Amino acid sequence: DDNGRRNRLSGPGVRIKISCDTDRQNNFSPFGNHSGRAEKESDLIMTTIEQFEIRSGYAVSRLIKGGWHLAGGHGEIDRKQAVEDMAAFVEAGVTTFDCADIYTGVEELIGDFRQAYPELAEKIRIHTKFVPDHDQLANVDFAYVETIINRSLKRLRMDRLDLVQYCWWDLKVPGHV
């Protein structure tokens with residue numbers, strides 16, 4: 001790129017087109033019309049989503065697609081459109097998704113995406129969070145952790161999680177390390 005950043009990153013980049021039609025009044029999508037194609041040529045910006053290895057054999061996209069806003073607490077979610085948008089993100093090179101066991105319904109949406117688009121599902125990395133219930137912190141043990149992780153696996157329709165981020169509500173309660 002013009003700022004010389006490309007040579008500082010390992011791994012190939014992916015060329016994508018992103019619509020930037022700011023006059024749309026309907027639901028926001030990075031692809032404007034939800035199809036991955038801009039409505040007119042002037043809406044296009046060419047960019048690169050870098051992929052890089054964070055360890056040998058494990059690459060992620062530099063841009064990570066967050067999922068908290070799909071939990072429904074921020075407005076109504078069109079589940080079909082959310083799954084279609086996930087496919088568009090992957091096709092655009094955004095192959096790393098962030099979610100959490102406490103983002104209500106988001107792990108299930110990603111699982112739905114994985115089922116609907118199995119060829120794209122092979123390209124993604126999912127980073128989820130394990131967040132124990134606040135009132136259960138003093139009781140967290142191996143069985144509790146295993147139950148929550150197994151629930152995430154089922155929701156995501158995966159046999160193994162790519163990455164789990166561990167969150168603890170209160171450092172005054174023993175057990176966080």
Side-chain angles (χ1 to χ4, degrees), residues 9-11 14 16 18 27-31 49-177:
L9 301 172
S10 61
V14 177
I16 65 169
I18 298 178
N27 292 332
F28 172 77
S29 170
F31 302 100
I49 303 298
E50 302 288 346
Q51 302 284 321
F52 66 100
E53 282 192 334
I54 58 174
R55 69 164 171 78
S56 179
Y58 191 83
V60 298
S61 54
R62 179 161 298 276
L63 181 62
I64 296 175
K65 172 67 176 94
W68 63 269
H69 62 290
L70 295 172
H74 309 286
E76 188 174 332
I77 303 300
D78 179 337
R79 294 182 65 82
K80 181 179 180 287
Q81 186 62 60
V83 169
E84 290 174 8
D85 286 349
M86 288 179 201
F89 272 101
V90 175
E91 289 169 343
V94 179
T95 59
T96 309
F97 288 56
D98 175 74
C99 58
D101 64 330
I102 63 169
Y103 298 171
T104 306
V106 176
E107 288 180 332
E108 289 92 340
L109 272 173
I110 294 172
D112 291 349
F113 159 76
R114 290 175 43 76
Q115 182 177 34
Y117 296 93
E119 68 287 350
L120 294 177
E122 294 176 12
K123 299 178 181 182
I124 66 171
R125 300 291 189 182
I126 300 171
H127 297 176
T128 195
K129 297 172 194 75
F130 162 58
V131 185
D133 292 331
H134 188 270
D135 61 344
Q136 292 296 314
L137 288 179
N139 303 315
V140 171
D141 59 10
F142 182 84
Y144 180 86
V145 173
E146 187 175 44
T147 298
I148 302 303
I149 296 301
N150 285 337
R151 184 179 68 192
S152 289
L153 287 167
K154 181 179 177 182
R155 291 172 172 175
L156 291 162
R157 301 177 192 200
M158 299 177 71
D159 296 324
R160 185 177 68 99
L161 296 174
D162 294 321
L163 181 125
V164 177
Q165 302 164 77
Y166 176 63
C167 300
W168 195 261
W169 294 99
D170 187 349
L171 296 178
K172 295 176 188 155
V173 176
H176 58 278
V177 178

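Only this structure's heavy atoms are used, side chains among them; waters, hydrogens and symmetry mates stay out. Along the sequence shown, the residues carry numbers beginning at 1. Note that the coordinates shown come from a computational prediction; the quantities given were computed from them, not determined experimentally.
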Using atom types as modelled, flag every donor-acceptor pair under 3.5 Å from a side chain in residues 156-164 to any protein atom, sequence neighbours excluded.
| unit_1 | atom_1 | unit_2 | atom_2 | d |
| --- | --- | --- | --- | --- |
| Arg157 | NH1 | Gln115 | OE1 | 2.0 |
| Arg157 | NH2 | Asp112 | OD1 | 2.9 |
| Asp162 | OD2 | Ile126 | N | 2.8 |

Q) Residues two or more places apart in sequence or in another chain: which of them pass side-chain contact (heavy atoms from CB on, under 4.5 Å) with Leu70? A) Ile77, Ala82, Met86, Val106, Leu109

Q: Mind checking the CD1-NZ spacing from Ile124 to Lys65? Nearest 0.5 Å is all I need.
A: 12.0 Å

Q) Quick check: does any side chain N or O of Thr96 sit under 3.5 Å from a backbone N or O of Ile64, one acting as donor and the other as acceptor? A) no

(Q) Would Val145 and Tyr166 count as a side-chain contact (heavy atoms from CB on, under 4.5 Å) here? Give the steps. (A) CA-CA 10 Å; Val145 173; Tyr166 176 63; 5.6 Å; no

Q. Between His134 and Trp169, how do the two ring planes meet: parallel, tilted or perpendicular, split at 30° and 60°?
A. perpendicular

Q | Pair listing, salt bridge (Lys or Arg N to Asp or Glu O under 4.0 Å) test, anchored in residues 102-111, at least two apart | A | Glu107-Arg155, Glu108-Arg155

(Q) Show every salt bridge (Lys or Arg N to Asp or Glu O under 4.0 Å) that has at least one partner inside residues 133-151, sequence neighbours left out. (A) Asp101-Arg151

Q: With sequence neighbours excluded, tell me which residues meet side-chain contact (heavy atoms from CB on, under 4.5 Å) with Leu63.
A: Ile49, Val94

Q.
Nearest 0.5 Å, please: how far is CZ in Arg114 from CD in Glu122?
A. 9.0 Å

Q | Where Cys167 and Pro132 come nearest, the two heavy atoms and their spacing | A | O-CD, 3.0 Å

Q) Can you list the residues that meet the side-chain contact (heavy atoms from CB on, under 4.5 Å) rule with Leu120, with sequence neighbours excluded? A) Ala87, Val90, Glu91, Phe113, Tyr117, Lys123

Q.
Would you compute the distance between atom SG of Cys99 and atom CH2 of Trp68 and round it to the nearest 0.5 angstrom?
A. 15.0 Å

Q.
Within the 4.5 Å heavy-atom criterion, are Ile149 and Phe130 side-chain neighbours or not?
A. yes

**Q.** Atom of Gly57, atom of Arg125 and distance for their closest heavy-atom approach
**A.** O-NH2, 3.3 Å

Q) Any idea which heavy atoms bring Gly93 and Gln51 closest together, and the distance? A) O-NE2, 2.8 Å

